[in-house]
Peer 1: 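Structure provided below as structure tokens; questions to follow.
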Amino acid sequence: AATSGGRICKVTPCPADAVYWDELVKPFALQMAVIQKEEGSSGGAAIDLEFYTGELTGGFTYGEGENGCFCDDCFGEFLKRNGTAFAPEKFPPESRWRYLQEKQQYGEYLKHLAGRVEARTTAIRETVHAVKPDFVFAVLPAGDGWYFDGLARGFGTPDIPMLLFSEAEYFSGWN
């Protein structure tokens with residue numbers, strides 16, 4: 001992932017990172033669904049996104065304001081979708097947020113990022129629901145903004161919405 005200031009993060013994954021979603025989150029949720037189905041259990045699983053870990057180790061938290069992903073993949077796909085050729089040398093990471101602001105496209109960009117999260121989480125939900133149709137996805141810590149919109153739309157359905165838990169309900173901070 002890359003921050004709005006152009007810093008490349010090796011800790012915080014891109015919101016559409018296949019390794020994160022397909023090799024970490026999906027197997028966990030699928031394993032939980034299989035066990036719950038075998039045991040005849042209701043419920044689901046909560047995924048703790050551990051945002052503070054990213055902040056402590058040089059990552060960052062997705063959410064409001066300038067907290068989007070500006071990596072070549074996210075930014076390049078957005079430009080291509082809007083008919084603009086993408087060349088990393090023409091759009092260095094530190095210029096991307098400013099470019100979107102100048103073009104008045106930042107709001108659309110955040111919707112684009114949310115859609116990428118939604119696509120990844122929808123694929124996971126569909127795979128898990130094929131095993132256990134009543135599986136409930138939950139996420140913590142609570143938050144708002146484009147990232148959580150994408151999570152809620154992807155992991156939730158009208159019949160089984162995604163649950164969002166605040167860590168403040170049981171824990172007052174990492175220290």
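Worth saying up front: this structure is predicted, and the values here are computed from it rather than measured.
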Peer 1: Taking Gln36 for its side chain and Phe135 for its backbone only, find out whether a donor-acceptor pair lies under 3.5 Å.
Peer 2: no

Peer 1: Nearest heavy-atom pair of Pro15 and Leu113: which atoms, and what distance?
Peer 2: CG-CD2, 4.4 Å

Peer 1: Going from CG on Leu164 to CG on Asp144, what distance comes out if it is rounded to the nearest 0.5 angstrom?
Peer 2: 9.0 Å

Peer 1: Would a distance-only check, ignoring hydrogens and angles, find a side-chain to backbone donor-acceptor pair under 3.5 Å from Arg125 to Gly154?
Peer 2: yes

Peer 1: Ring-plane angle category for Phe91 and Phe86, please: parallel below 30°, perpendicular beyond 60°, tilted otherwise.
Peer 2: parallel

Peer 1: With salt bridge (charged side-chain N to carboxylate O under 4.0 Å, His left out) as the test, would you mind laying out the steps for Asp72 and Arg96 before giving the verdict?
Peer 2: CA-CA 10 Å; Asp72 288 353; Arg96 296 171 185 179; 2.6 Å; yes

Peer 1: What do you reckon, are the aromatic ring centroids of Tyr109 and Phe70 less than 6.0 Å apart?
Peer 2: yes

Peer 1: Checking Asp22 against Arg120 for the salt bridge (charged side-chain N to carboxylate O under 4.0 Å, His left out) test, could you report, in this order, the C-alpha distance in whole Å, the side-chain angles of both residues, the deciding distance, and whether it holds?
Peer 2: CA-CA 8 Å; Asp22 297 342; Arg120 288 284 184 201; 3.3 Å; yes

Peer 1: Indicate if Val34 and Phe137 have the same hydrophobic cluster label, given that clusters are the connected sets of ILVMFWY residues with side-chain heavy-atom separations under 4.5 angstrom.
Peer 2: yes

Peer 1: Which atom pair, heavy atoms only, marks the closest approach of Ile160 to Asp134?
Peer 2: CD1-CA, 3.6 Å

Peer 1: So which heavy atom on Ala138 is nearest to which on Phe165, and how close?
Peer 2: CB-CE1, 3.4 Å

Peer 1: State, to 0.1 Å, how close Ala114 and Arg153 come at their nearest heavy-atom pair, and which atoms those are.
Peer 2: CB-NH2, 3.5 Å

Peer 1: Taking C-beta and beyond as the side chain, do Leu100 and Phe75 meet within less than 4.5 Å on heavy atoms?
Peer 2: yes

Peer 1: Would the distance check show the side chain of Thr121 and the main-chain N or O of Glu118 forming a donor-acceptor pair, the cut-off being under 3.5 Å?
Peer 2: yes

Peer 1: To the nearest 0.5 Å, how far apart are NE2 in His112 and CZ in Phe78?
Peer 2: 7.0 Å

Peer 1: Looking only at non-hydrogen atoms, find the nearest pair between Leu140 and Ala46 and report the distance.
Peer 2: CD2-CB, 3.7 Å

Peer 1: Are any non-hydrogen side-chain atoms of Leu163 and Val139 less than 4.5 angstrom apart?
Peer 2: no

Peer 1: Within this structure, what is the CH2-CG distance for the pair Trp146 and Leu110, rounded to the nearest 0.5 Å?
Peer 2: 7.5 Å

Peer 1: Write down the atom of Thr157, the atom of His129, and the distance for their closest heavy-atom approach.
Peer 2: CG2-CE1, 4.4 Å

Peer 1: Please check this pair: side chain of Lys37 against backbone of Pro133, looking for a donor-acceptor N/O pair closer than 3.5 Å.
Peer 2: no

Peer 1: Can you pull the ring pair (Phe, Tyr, Trp, His ring centres under 6.0 Å) pairs that have at least one residue in residues 6-48, sequence neighbours excluded?
Peer 2: none

Peer 1: What I'd like to find out is whether the side chain of Thr127 reaches to under 4.5 Å of the side chain of Leu30, using heavy atoms alone.
Peer 2: yes

Peer 1: Can you check side-chain contact (heavy atoms from CB on, under 4.5 Å) on Glu77 and Arg116, steps first, answer last?
Peer 2: CA-CA 10 Å; Glu77 183 182 276; Arg116 299 192 90 194; 3.3 Å; yes

Peer 1: Distance check, rounded to the nearest 0.5 Å: Leu79 atom CG versus Lys103 atom NZ?
Peer 2: 10.0 Å

Peer 1: Under the side chain to side chain donor-acceptor pair (under 3.5 Å) test, which residues partner Lys80, sequence neighbours left out?
Peer 2: none

Peer 1: What's the spacing between Asp73 CG and Asp17 CG if we round to 0.5 Å?
Peer 2: 9.0 Å

Peer 1: Report yes if the side chains of Phe148 and Val117 come closer than 4.5 Å at any heavy-atom pair, otherwise no.
Peer 2: no

Peer 1: Would you kindly confirm whether Ile47 and Leu24 end up in one hydrophobic cluster when ILVMFWY residues are joined by side chain heavy atoms under 4.5 Å apart?
Peer 2: yes

